[in-house]
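Quick notes on the structure that follows.
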There are 2 protein chains.
Amino acid sequence: MRRTKSQSEETRQRILDAAEVVFIEIGVSKASLDRIAAEAGVTRGAIYWHFANKQELLTAIFARVYDLHVAVLARSFEDAVDPLQVVLDWALNVIELFGTDEHTRMVYKIIVTRCEYLSEMQEAFTLQRSMHDTMVENFRRAFERAEQAGLLAEGWTAATASTTLHCFMSGLLDNWLRYDFNADVAKNLRAALLCLVAGFRRNVAVPVPSEREARSQLA
Amino acid sequence: MRRTKSQSEETRQRILDAAEVVFIEIGVSKASLDRIAAEAGVTRGAIYWHFANKQELLTAIFARVYDLHVAVLARSFEDAVDPLQVVLDWALNVIELFGTDEHTRMVYKIIVTRCEYLSEMQEAFTLQRSMHDTMVENFRRAFERAEQAGLLAEGWTAATASTTLHCFMSGLLDNWLRYDFNADVAKNLRAALLCLVAGFRRNVAVPVPSEREARSQLA
DNA sequence: TCCTTTACATACATCGATGAATGTATATAT
DNA sequence: ATATATACATTCATCGATGTATGTAAAGGA
């Protein structure tokens, strides 16, 4: 029995949901389209109707969260007065994105721990690359502005501060997704981030902002 | 023609080398034993003689660097006077391990980017787990000692400092292996680490130690 | 109303990889 | 010197997964 257009879109979404689940469960390489179809309550025929192959299915999973993803990454970066505050806000935004959206978490968990990072997958990894590249570029620009404005604490340069925060964020996400952090750990991570960024700032007495303050400045 | 014992061991090592190369090249899941055998200049028969299957071959690759790995991780941690210096030294040791030993780099690159991190692989991931767990535990203990000794700078707690450094190191290694850092980047990473750890210390004027100083204290 | 297209399900052919079975020449123990 | 275990190479059977081809019932346009 043929479905209506909206039913078809439902089927497509169910397939994507099922693929996420199965990929997480047994990894991308071992996940057969048959297994994914069973999880979605359809047959392989349905999958081949909506997607050319497993590769395209994987790409589609990533594409589904891409817009939300880009929206967070692209938040204003140039016009703000205090570059260190901007950097902090941006990092908090990323953490909040991962804390809020389960699809984002599942997709990144798949990228980080459930598939192999090969050049042939280039297209599928656009999501991860854009995230990484945006992070590196944003941090570099902001910390250079901070350095020129004399905002950086003794010892730090734009390069070292940028590298430090970038590695911190990468490791944070990697650990989060690899070991399934709970809410407590996430809270601790935010606290650590606040300390870290505060430490970049010159002449701070006890400047660690409370989380409420930090979040109010996001609004 | 049957080989002598030492020849046999040579063959085994050649298979392990070949497996590393092929795993890096096309990923663990797509790597067939046939391809690995060809790379090693033997047939699948030789591989099945030395290893039960691909899984065991993977485990053997990891086991080959395990001793070196453990030796670095286990370096003295309790008896040193300055816990922050201990933490720095330990982190520098890890960086040096990865900078020096190519097998370690390849093995970790395989773990991070060329295979799927599933529970069934538990045994194979002992290496990575021990590294991670040791890191977390060592950092936690050292920073707690530092906190009790009043060594931590304003704003930092043992928990946040430990988390920060742990995430930094995870992200550092992840980026290193994922994007094949060159020597320049590695130098920048060491500089960033020195700044970061210096920032953990209370009442520092401009205490960022030169790299030479830091390394001399390792000896 | 009829025709075409859609949205799948079903059936089929193929292929690569695995693992086991077997073959074989030689090192090594006795 | 002979026997046996070793260190592979070769062959074979099997199996799961893929992709395609075909079937089909209903949706939607004319």
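Each chain gets a letter, A, B and so on, in the order the sequences are listed, and its residues count up from 1.
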Under the side-chain contact (heavy atoms from CB on, under 4.5 Å) test, residues paired with A:Asp17 that sit two or more places apart: A:Arg64, A:His103
Donor-acceptor contact below 3.5 Å, side chain A:Gln7 vs main chain A:Thr4: yes
Test item: B:Thr113 side-chain N/O and B:Ile110 main-chain N/O as donor-acceptor pair under 3.5 Å: no
Inter-axis angle, terminal five-pair segments of the helix from C:dT4-D:dA27 to C:dT30-D:dA1 [nearest 10°]: 0°
Value rounded to 0.5 Å, distance of CH2 in B:Trp49 from CD1 in B:Ile15: 12.0 Å
B:Glu56 CD to C:dT18 P, straight-line distance once rounded to whole Å: 14 Å
Atom pair distance, as rounded to whole Å: CZ in A:Arg12 and P in C:dT6: 16 Å
A:Asp180 vs A:Lys109, salt bridge (Lys or Arg N to Asp or Glu O under 4.0 Å): CA-CA, chis, key distance, verdict: CA-CA 9 Å; A:Asp180 294 317; A:Lys109 189 185 177 88; 2.8 Å; yes
Between P of C:dA17 and CD1 of B:Ile36, the distance in whole Å: 11 Å
Between P of C:dT6 and CD of A:Glu9, the distance in whole Å: 16 Å
Sub-4.5 Å side-chain heavy-atom contact between A:Phe23 and A:Ile36: yes
Value in whole Å for how far the P atom of C:dT5 lies from CH2 of A:Trp49: 11 Å
Value in whole Å for how far the C1' atom of C:dT6 lies from NE2 of A:His50: 10 Å
Salt bridge present between B:Glu9 and B:Lys5 (N-O < 4.0 angstrom): no
Main-chain N/O of A:Arg35 paired with A:Glu39 side-chain donor or acceptor, under 3.5 Å: no
Spacing of A:Phe51 atom CZ relative to C:dA7 atom C1', expressed in whole Å: 13 Å
Heteroatom pairs (N/O) under 3.5 angstrom, protein to nucleotides 27-30 of chain C:
residue, atom, partner, partner atom, Å
C:dA27, N3, B:Arg2, NH1, 2.6
C:dT28, OP1, B:Thr4, OG1, 3.2

A:Arg178 charged N/C atom sitting above B:Tyr117 aromatic ring, 6.0 Å / 45°: yes
Any residue meeting side-chain contact (heavy atoms from CB on, under 4.5 Å) with B:Ser162, in chain and number order, not counting sequence neighbours: B:Phe139, B:Arg140, B:Phe143
Base-contact (B) and sugar-phosphate-only (S) positions in nucleotides 12-23 of chain D, heavy-atom cut-off under 4.0 Å, - elsewhere: -----SBBB---
A:Glu123: partners by side-chain contact (heavy atoms from CB on, under 4.5 Å), with sequence neighbours left out: A:Thr59
Short side-chain N/O contact to D:dT6 OP1/OP2 from B:Ser8, under 4.0 Å: no
